[in-house]
Amino acid sequence: MNPMYYFIGATLSILLSIYVFIFGTGGNHELVGIFIGLWAPTIIAVGIFNTLLGIHDEMCCAHRRIEGRQKGDDEQ
């Protein structure tokens, strides 16, 4: 998934959090605003985790290709 989507999601979370915190009418709207605001770091962490998994997968594929060349199993 494109990393920009994670940043857009985090930005929307922060904006919604601010809106609920300031303009909320419920009895505990401050707590709800804080809870929604805590989604932003979680969304960014998921994006970083997925990016790192992609990098790890690319490194594993490259390592397998290098091992194949060293063993003489080059399939060109």
Side-chain angles (χ1 to χ4, degrees):
M1 186 183 250
N2 190 355
M4 187 58 69
Y5 293 133
Y6 296 109
F7 288 113
I8 291 171
T11 302
L12 290 175
S13 171
I14 291 171
L15 292 175
L16 180 63
S17 170
I18 292 169
Y19 178 79
V20 170
F21 191 85
I22 294 173
F23 299 112
T25 58
N28 58 353
H29 63 91
E30 292 94 0
L31 292 176
V32 172
I34 291 170
F35 177 72
I36 294 172
L38 290 176
W39 294 349
T42 305
I43 294 169
I44 292 173
V46 168
I48 291 170
F49 180 74
N50 284 338
T51 303
L52 290 175
L53 281 179
I55 291 170
H56 180 262
D57 187 43
E58 290 176 13
M59 289 176 63
C60 287
C61 291
H63 184 68
R64 280 190 225 117
R65 284 193 303 266
I66 291 170
E67 282 184 343
R69 286 187 206 136
Q70 288 176 349
K71 290 180 182 177
D73 298 336
D74 197 11
E75 299 175 8
Q76 290 182 351

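Hydrogens, waters and symmetry mates play no part in the numbers below; they use all other heavy atoms, side chains included.
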Exercise. Under the side-chain contact (heavy atoms from CB on, under 4.5 Å) criterion, do Cys61 and Arg64 qualify, and how do the steps go?
Worked result: CA-CA 5 Å; Cys61 291; Arg64 280 190 225 117; 4.0 Å; yes
Counterpart residues, side chain to side chain contact (heavy atoms under 4.5 Å, CB included), relative to [X] (two or more places apart):
X: Met4; result: Asn2, Ile8
X: Leu53; result: Phe49, Asn50
X: Ile18; result: Ile14, Ile22

Exercise. How would you list, by chain and number, every residue that makes a side chain to side chain donor-acceptor pair (under 3.5 Å) with His56, sequence neighbours excluded?
Worked result: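 With neighbours one apart ignored, the set is empty.
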Exercise. Who else is in Leu15's hydrophobic cluster (ILVMFWY, side-chain heavy atoms under 4.5 Å, direct or via others)?
Worked result: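 Listed partners: none, Leu15 stands alone.
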Exercise. Hey, does the side chain of Ser13 reach the backbone of Gly9 with a donor-acceptor pair shorter than 3.5 angstrom?
Worked result: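 Side chain of Ser13 to backbone of Gly9, a donor-acceptor pair under 3.5 Å: no, none is there.
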List for me each residue that meets ring pair (Phe, Tyr, Trp, His ring centres under 6.0 Å) alongside [X], sequence neighbours excluded, and say none if there are none.
X: Tyr5; answer: none
X: Phe23; answer: Tyr19
X: Phe7; answer: none

For this session: Report the distance from atom CZ of Phe21 to atom CG of Leu31, rounding to the nearest 0.5 Å.
Result: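 The CG atom of Leu31 is 8.5 Å from CZ of Phe21, to the nearest 0.5 Å.
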Exercise. Tell me the side-chain hydrogen bond (donor to acceptor under 3.5 Å, both in side chains) pairs involving residues 27-37, sequence neighbours left out?
Worked result: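 Qualifying pairs, neighbours excluded: none.
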Distance-only donor-acceptor hits, side chain of residues 36-46, under 3.5 Å, sequence neighbours excluded:
| from | atom 1 | to | atom 2 | distance (Å) |
| --- | --- | --- | --- | --- |
| Thr42 | OG1 | Leu38 | O | 3.3 |

